[in-house]
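Structure record follows, encoded as structure tokens.
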Amino acid sequence: MLVSEISRILAGVCAVDNRADKDVDIRYLLTDSRQLGAHPEQTMFFAIKTAKNDGAKYIDELYAKGVRVFIRENAVEALQALATFVRSQFQGVVIGITGSNGKTVVKEWLYQLLKDDYCIIRSPKSYNSQIGVPLSVWQIESQKQANPSKPQLCIFEAGISQPGEMERLEPMIRPNIGVITYIGHEHDENFASLEQKREEKMKLFSRCPVIIEDPSHQNVRTCAAVMRALGYDEETISSRILHQTHETVLKVNLSALIDNVRYFRSLLKPETKLTCMVKAFAYGAGSVEVSKALQASGLVDYLAVAVADEGVELRRAGITLPIIIMDPEVAAMDLILENNLEPNVYSHQSLKTVIAAAQAKGLENVPIHVKIDSGMHRLGFYKEDMPWLIERLGSTKAVRVASVFSHLAGSDEPQFDAFTLSQIHYFDACAEELKAGLQYPIIKHICNSAGIERFSDYQFDMCRLGIGLYGFSFAGAKLRNVCTLETTILSVKTVKAGETIGYGRHTTLKEDRVIAVIPIGYADGFDRRFSNYGGEVWVRGKRCPVVGNVCMDQAMIDVTGADARPGDIVEVFGEHMPLEELANKLGTITYEILTSVSRRVQRVYSYE
């Protein structure tokens with residue numbers, strides 16, 4: 001959209017500050033200076049003023065980066081007015097979703113169910129606020145030139161935290177089909193009653209001809225009702241729901257993740273750099289979305305993954321931060337160099353391989369990261385290798401050491417503190433010898449999440465944050481839960497005393513019990529060792545034991561006394577079922593529980 005047209009639309013709201021020497025075609029709207037994309041010349045920045053910050057102070061910085069169009073006054077009102085205009089020009093179907101819980105899940109399921117027939121524009125993550133909604137709606141304009149071969153359909157979320165907010169969201173969304181999910185007690189403090197909250201949310205549908213609310217609040221039934229409203233036949237609805245929805249989701253709160261980063265940052269000196277580990281699909285949370293959030297936060301200097309394919313995926317997703325490859329395979333060296341990834345070097349042969357690959361491509365000063373074996377005895381050089389390393393690195397221009405590092409074997413366990421200190425001192429001696437021999441600055445890092453908290457005196461130049469991202473402290477700090485694994489109840493029935501439950505008949509009931517089936521099994525990462533009272537889940541405020549053997553795709557739970565119904569949310573781990581507790585029951589670590597959640601479990605991302 002041309003700046004001249006935007007100026008006309010916003011004439012009664014604010015002036016548009018166009019510092020370009022032409023009528024710029026705006027494709028991107030920006031409210032957070034840290035999220036500037038690759039096309040600053042087509043970006044318009046809204047300088048939003050809040051109680052804690054003023055976007056106007058970032059205008060000069062953005063101008064230096066190529067942004068030329070700014071909204072300086074009434075930024076939120078201008079953003080909403082522009083979105084309202086864009087919506088008024090759209091002739092396709094718009095689905096509006098509101099409620100307290102389940103908005104993002106329903107939106108993502110509808111996307112999966114309808115994407116073969118429509119070109120779908122949907123709210124990114126959980127963009128449902130006074131700022132998130134207009135940014136979502138703007139996608140109608142930014143994707144106008146895509147010339148889709150399929151009809152366009154929009155799916156937008158709307159969330160409110162106090163009365164009066166929905167009236168501002170309704171003109172921007174103006175849904176043709178309205179969806180209400182479960183309305184719970186979030187933000188109760190701002191409403192006189194649950195009835196008032198419902199009335200406020202219903203204002204989204206003041207002009208909506210079709211409103212859908214499943215009484216049982218089962219997401220599958222809600223999606224089926226939307227498909228009926230769009231004209232799908234029952235056979236198509238049943239077929240697609242059977243194949244494309246899975247009522248088990250991993251919810252990832254990216255705002256909580258960034259808050260946890262801030263906590264660990266607060267333990268470091270301002271000049272100390274921070275690497276975040278996003279290997280193994282970001283510990284199961286989803287490497288692309290987690291990396292995008294970390295990059296946008298401005299709190300992180302490096303990312304690290306295990307293998308080259310993980311780094312390539314991040315590069316293709318637009319991640320520009322330096323990325324360390326911790327376990328670089330020889331066969332992937334070309335991929336590493338072609339994608340500006342930085343390999344770990346841990347042996348004579350691994351160094352020779354990187355040098356040879358760089359020389360073959362005519363490259364110089366390829367950044368590498370030298371691993372020291374300070375006592376874990378997995379990978380790395382010993383102190384006696386330093387003279388050879390110095391000689392070999394000093395005789396080539398193909399590579400340059402960006403950092404030297406090591407791994408602590410027991411920094412989270414006080415009984416190993418003396419050993420941890422011996423590792424640190426050994427590493428420091430190796431690193432200093434390497435730096436002195438090469439005579440150029442090299443970043444030193446050895447502290448992991450536990451090390452940051454328990455050995456911050458040895459933070460050196462950089463630290464590596466891994467499991468701490470997800471809310472785990474080794475010093476008793478109250479961090480935020482990031483990942484919640486949820487499923488829903490499929491069926492509830494009473495089973496008589498003396499009957500058995502599940503494969504192998506390992507659970508025999510001593511009395512009549514109410515048994516529910518949940519669609520999660522060991523193929524989803526729900527460990528089979530939770531079978532036969534080995535594990536519990538959270539249903540309607542009550543812990544309910546697992547009965548019978550966990551199956552591949554389902555499990556049975558005893559919900560006697562919980563007043564459970566089909567469609568109820570079941571928490572497998574999260575706020576009420578801490579990961580540490582599950583890990584302790586299995587005799588393992590939280591890392592294993594997180595990384596075991598299979599890829600078929602949909603990840604649903606949210607910001608607060």
Looking at Y111, does the NZ or CZ of R122 lie under 6.0 angstrom from its six-membered ring centre and within 45 degrees of the ring axis? yes

Tell me whether the guanidinium CZ or amine NZ of R599 lies under 6.0 angstrom from the six-membered ring centre of F281 and within 45° of its axis. yes

With a 4.5 Å limit on heavy-atom distance, are the side chains of [X] and [Y] in contact?
{"X": "F530", "Y": "L586", "value": "yes"}
{"X": "Y232", "Y": "L114", "value": "yes"}
{"X": "L314", "Y": "N339", "value": "no"}
{"X": "I501", "Y": "N532", "value": "no"}
{"X": "K292", "Y": "I319", "value": "yes"}
{"X": "E108", "Y": "Q602", "value": "yes"}
{"X": "I518", "Y": "V539", "value": "no"}
{"X": "K201", "Y": "S100", "value": "yes"}

Salt-bridge criterion met for [X] and [Y] (N-O under 4.0 Å):
{"X": "R565", "Y": "D568", "result": "no"}
{"X": "E536", "Y": "R543", "result": "yes"}
{"X": "D373", "Y": "K371", "result": "no"}
{"X": "R454", "Y": "D417", "result": "yes"}
{"X": "D524", "Y": "R600", "result": "yes"}
{"X": "E486", "Y": "K251", "result": "yes"}

Spatial distance of atom [atom1] ([X]) from atom [atom2] ([Y]) [nearest 0.5 Å]:
{"X": "K585", "Y": "I593", "atom1": "NZ", "atom2": "CD1", "result": "11.0 Å"}
{"X": "Y522", "Y": "S531", "atom1": "OH", "atom2": "OG", "result": "9.5 Å"}
{"X": "L257", "Y": "N481", "atom1": "CG", "atom2": "CG", "result": "11.0 Å"}
{"X": "S456", "Y": "L267", "atom1": "OG", "atom2": "CG", "result": "6.5 Å"}
{"X": "L294", "Y": "I258", "atom1": "CG", "atom2": "CD1", "result": "5.0 Å"}
{"X": "Y470", "Y": "T590", "atom1": "OH", "atom2": "OG1", "result": "11.5 Å"}

Nearest non-hydrogen partners of [X] and [Y], listed with the distance:
{"X": "I520", "Y": "V572", "result": "CD1-CG2, 4.0 Å"}
{"X": "G375", "Y": "F419", "result": "O-CZ, 3.6 Å"}
{"X": "I589", "Y": "A583", "result": "C-CB, 3.7 Å"}
{"X": "C483", "Y": "L250", "result": "CB-CD1, 4.1 Å"}
{"X": "H407", "Y": "S374", "result": "O-OG, 3.8 Å"}
{"X": "G96", "Y": "F205", "result": "O-CE2, 3.7 Å"}

When I97 is tested against each of V179, V105, N128, T104 for side chain to side chain contact (heavy atoms under 4.5 Å, CB included), which residue passes?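 Running side chain to side chain contact (heavy atoms under 4.5 Å, CB included) over V179, V105, N128, T104 with I97 returns exactly one hit, V179.
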
Pick one: which of N448, L299, N260, L274 meets side chain to side chain contact (heavy atoms under 4.5 Å, CB included) with L465?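 Between L465 and the candidates, side chain to side chain contact (heavy atoms under 4.5 Å, CB included) is satisfied uniquely by L274.
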
Would you check if the side chain of [X] reaches a backbone N or O of [Y] as a donor-acceptor pair within less than 3.5 Å?
{"X": "E310", "Y": "V307", "answer": "yes"}
{"X": "D512", "Y": "A497", "answer": "yes"}
{"X": "S449", "Y": "G468", "answer": "yes"}
{"X": "E571", "Y": "M577", "answer": "yes"}
{"X": "S598", "Y": "A523", "answer": "yes"}
{"X": "S239", "Y": "E235", "answer": "no"}
{"X": "T487", "Y": "V570", "answer": "no"}
{"X": "E289", "Y": "Y605", "answer": "no"}
{"X": "D233", "Y": "T236", "answer": "yes"}
{"X": "R603", "Y": "V601", "answer": "yes"}

Would V106 and I155 count as a side-chain contact (heavy atoms from CB on, under 4.5 Å) here? Give the steps. CA-CA 10 Å; V106 169; I155 311 174; over 6 Å; no

Candidate pair K107 and E157, rule salt bridge (charged side-chain N to carboxylate O under 4.0 Å, His left out), full reasoning: CA-CA 8 Å; K107 177 196 69 183; E157 298 179 43; 3.0 Å; yes

Give a yes or no on this: more than 12 heavy atoms of other residues, nucleotides or ligands lie within 6.0 Å of atom CE of M376. yes

Give a yes or no on this: more than 12 heavy atoms of other residues, nucleotides or ligands lie within 6.0 Å of atom OH of Y503.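 Counting other residues, nucleotides and ligands, OH of Y503 stays at 12 neighbours or fewer.
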
Begin with the C-alpha distance, continue with both residues' side-chain angles, and end with the deciding distance and a verdict on side-chain contact (heavy atoms from CB on, under 4.5 Å) for M277 and Y283. CA-CA 9 Å; M277 310 301 295; Y283 293 40; 3.8 Å; yes

Ring geometry between Y302 and H369 (parallel below 30°, tilted from 30 to 60°, perpendicular above 60°): perpendicular

Chi angles and distances behind the side-chain contact (heavy atoms from CB on, under 4.5 Å) call for L335, D309: CA-CA 8 Å; L335 266 182; D309 285 347; 3.8 Å; yes

Judged by modelled atom types alone, do W538 and E575 share a side-chain donor-acceptor pair under 3.5 Å? no

Any chance the side chains of T488 and N219 put a donor and an acceptor closer than 3.5 Å? no

Give the C-alpha distance, both sets of side-chain angles, the deciding distance and a yes or no for side-chain contact (heavy atoms from CB on, under 4.5 Å) between D527 and V550. CA-CA 8 Å; D527 200 287; V550 173; over 6 Å; no

